[in-house]
Each structure stands twice: as structure tokens, then as C-alpha cells.
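Input: a single structure, listed below in C-alpha cells.
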Amino acid sequence: MIDRKSEIAAARWDTQLNGTRVLYGAGALERLGELVAELGLRKVLLVSDDGVCAAGHVERARKALGAERVAWVDYDGVQPNPTSEHVEHAAQAGRDAAVDGIIALGGGSVMDCAKGANFILTQGGRMEDYWGYGKAKQPMLPSVGIPTTAGTGSEAQCFALITHPDTHAKMACGDPRARFRMVVLDPELTASAPRDVIAMTGMDAVSHAVESYVTRTRNPVAQAFAREAWQRLDAHFAGVLDGSADVTQRGSMLVGAHLAGAAIEHSMLGAAHACANPLTARFDVVHGAAVGLMLPATVRFNSAEVSALYDDLHRGSPADRRGVSLVDRVVELRSLAGLPARLRDCAITEDSLGDLADEAARQWTAGFNPRPVTETELRGLYEASF
Ligand SMILES: [Fe+2]
């Protein structure tokens, strides 16, 4: 009989990606204490949220830390779309306990909040001070990212997306030092995510693969990550949605989401994300639903210039072998996920499209779209999605 330890060891890999050690394996969370101790950490800030606590993951992480005599202080108050105030609270918890490292255990919001707290703990000031790229001056604390959703790929990125508490603008605060020192991909953790979270985060991962493959700053490295991500997401999104996916298939989805996140680090995103952010800021549309609303129209619009690239991304994927095009597959996945297909179904009014387009044109990601977009084209994308 295979015991638990050899089972964990069997399906495991351990590598380096963009300067981060990435460790994959079902049950890998059980090794957290040992992994953190290897980084020389003795007292860590453990960032999570209510859902992750309720699923029992935080308790398992604490047990693993305790077994290696690593002390921790909890911050489990992360909310969706964390603001600079949430970040400040998390940083305060770490400052009070004089931690020497940070662990983020949760979805994209937890990852973003933990990265943000690292900026504030080590550099001082407010999150607004780091809006943009490369504004950190001091080293940051070693950090470990452990995603519990197959979605944002935030654990693969050096950007913290923090919401401005007054304007609700998404502040992208990036610095190579904010990158997680280690990422633990444990497919046992994603089993507990509620279906609506699986749907939203999976759609986000899909949009990352599709957008990062074709951006103006695309390159072979980003495209290799995005292509591998798309193949995995296309193959397993349906299974994780209906619960039929086993741990290996859930793991493939988790790796796909991670690689899509890594692709963004190399080539950024495009108009679907530029249009999605104002929908979240103004109408509270959850990010995954917002990109799902905008992605098909964006792909159709971009196809005038990069249809060969979309074909290349999609070639040989399970849907392609069935004769379903990339854009039709995106629509199909959105429908399987039960996500909205039209802006009008999300309480968005037609008279707001002009203001939305004005905001979308000011999003950083708009400048990376392969086909140039101004307010006029972005309004066209909203109208096509209305
Ligand atoms: Fe996204």
C-alpha cells in the first residue's frame, strides 16, 4: 500500500520560474513548515480570508508551520478587490509582530493584499506611492504564495492590484522585489472553492492566456506559457466546473492558471482587461465575469489583425480538434461557467457606455492591445458586448 508521504512525493515537481521557486504536488501544503524554514524564516505573517479559513486550509498551514517551530501571526481579513486600507491593516499586523516573512494563502485578492503589505512593511508610506512599476527602494521580505483557486495567476506576478478606497481605481503596483520567493501549487486546495469562484477565476485565467498571447509586447516566452496555459484550461475548465475533474485534472487547471499568470509578466494584457476594470470599479461586476463579458468582442475586434495568432494559440487544443474556433470556445466556456453574456444583464445602462470607454482608455493595459484602441474603439467593444 502506498502511504501518504510517498503519494505526495510521487506527483511532485520543483522548479524555478522568473526567479521564484515553484513547487507542485497534491498535499504539498503539508510541507509548508519545512519549506518556510528552508527560507530561514522564524515568524511569518499568514494572510488569508474567511473562505480559506472555513475550508480548513489555514488550520493545516498553521499545523505545518508549528511542526517546524515557525511562529505566525494571522491576518485573515482580506476582502475581494482589497483596498489600500486592507493592505495597511495586514501590514500593521506584520509590523506589530515583527515578522521576517509573509505567506499568502488564498485567491487573487489574498495574493494582492500580501504583496501590498510587503511594500508597506518594508518601504513605508502608502500603497498609492507604489502605483506603477519599480518604485521600491529597499529589499522586501521573503514571501510564499499558495493559491487556493485556479484563476488570477497573481502568485506568478510581481504586481499587486490594489483598489483605491475613494476612486475605486485599480492601482497596479509592481516591483521585481515583490515577487514571491516561493509558490506552492497544491491541487488539493482548489477542491474546496465554491462553484461561482471556480467559474469567475477560471474565466479570468482563460482571458489571461488569450490576451497575453497576442499583445503588442508579445514574445516567444510569453507565448509558450500562454499556449501551454490555454491547452490546459481548454481541456479541464469544464471538468472543474461540474466537479468531475480528479486531482490530476484540477492540478492541470491550477498549473494552467499559473502559466497564464506568468505569461502576463512577459507580455501584459489587452483591451478586454482595460474594459473590465471600469465595469468592476463602477458597477461592482466581479473581475472574472467582467473579462468574460468583454473577451469575445475583443477577440473579434483584434482578429482583423491577429487572427493567425489566435489560430496558432488554439491549434491542437481539445476544442480545436472538435472544430470549434477560439472565440466560439471562449463563448462556450463562459456559458458552461454560467457567467453573464451581455452587459445589459449586469445592470449596466446604455448611457454609461461613454463614461466606461473614457475610463477604459486610461487603463494601462489598453496600450498593449495588439490593435490600437482609443476611446472610440473601446466604446465599440462595450456596444458589441451590451
Ligand atoms: Fe485578470
Side-chain angles (χ1 to χ4, degrees), residues 80-82 104 106-113 115-116 145 147-163 168-174 190 193 196-215 217-218 222 225-226 229-230 232-233 237 253-254 256-299 302 313 330 333-334 337 339-340 346 356 359-360 363-370 378 381 385:
N81 303 311
S109 296
V110 166
M111 299 293 147
D112 285 329
C113 188
K115 279 185 270 186
T148 57
T149 59
T152 65
S154 176
E155 76 281 356
Q157 296 157 25
C158 71
F159 276 86
L161 294 179
I162 306 299
T163 300
H168 295 165
K170 279 225 178 192
M171 301 184 289
C173 308
T190 60
D196 62 328
V197 172
I198 292 172
M200 306 273 187
T201 55
M203 197 70 223
D204 190 26
V206 162
S207 72
H208 293 165
V210 172
E211 289 221 281
S212 64
Y213 194 81
V214 299
T215 59
T217 43
R218 63 185 178 266
F225 288 142
W230 171 254
R232 288 169 181 265
L233 300 169
F237 193 16
M253 182 81 186
L254 181 61
H258 183 72
L259 293 177
I264 300 172
E265 281 288 269
H266 292 270
S267 70
M268 286 299 298
L269 293 163
H273 272 77
C275 289
N277 288 345
L279 295 176
T280 303
R282 286 178 153 254
F283 291 97
D284 268 337
V285 182
V286 178
H287 179 69
V291 287
L293 282 163
M294 301 308 305
L295 188 60
T298 303
V299 172
N302 287 341
L313 172 67
V330 168
L333 290 173
R334 184 179 67 186
L339 295 173
C346 302
L356 287 167
E359 272 179 55
Q363 299 292 314
W364 196 36
T365 51
F368 296 91
N369 196 63
L378 294 165
L381 293 179
S385 310

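Side chains included, hydrogens not; waters and symmetry mates left out as well; all remaining heavy atoms used. Indexing begins at 1, ligand by ligand and atom by atom, following the structure's order. Remember, predicted model here, so these are calculated numbers, not experimental data.
Residues L356 and C275 are not in side-chain contact: their nearest non-hydrogen atoms beyond the backbone lie 4.5 Å or more apart. Residues R218 and Y213 form no side-chain contact, since every pair of their non-hydrogen atoms from C-beta on lies 4.5 Å or further apart.
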Worksheet item: H273 and H287: side chain to side chain contact (heavy atoms under 4.5 Å, CB included), yes or no, with the steps?
Response: CA-CA 9 Å; H273 272 77; H287 179 69; 3.3 Å; yes
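Inspection of the H208 and D204 side chains reveals an N or O donor paired with an N or O acceptor under 3.5 Å.
For the pair S109 and N81, the tightest heavy-atom approach, listed with the atom from each and the gap, is OG-N, 3.3 Å. Nearest heavy-atom pair across T215 and L269 is CG2-O, 3.5 Å.
Shown are the protein N/O/S atoms under 2.8 Å from the Fe ion (ligand 1), given by residue and atom: D204 OD1, H208 NE2, H273 NE2, H287 NE2.
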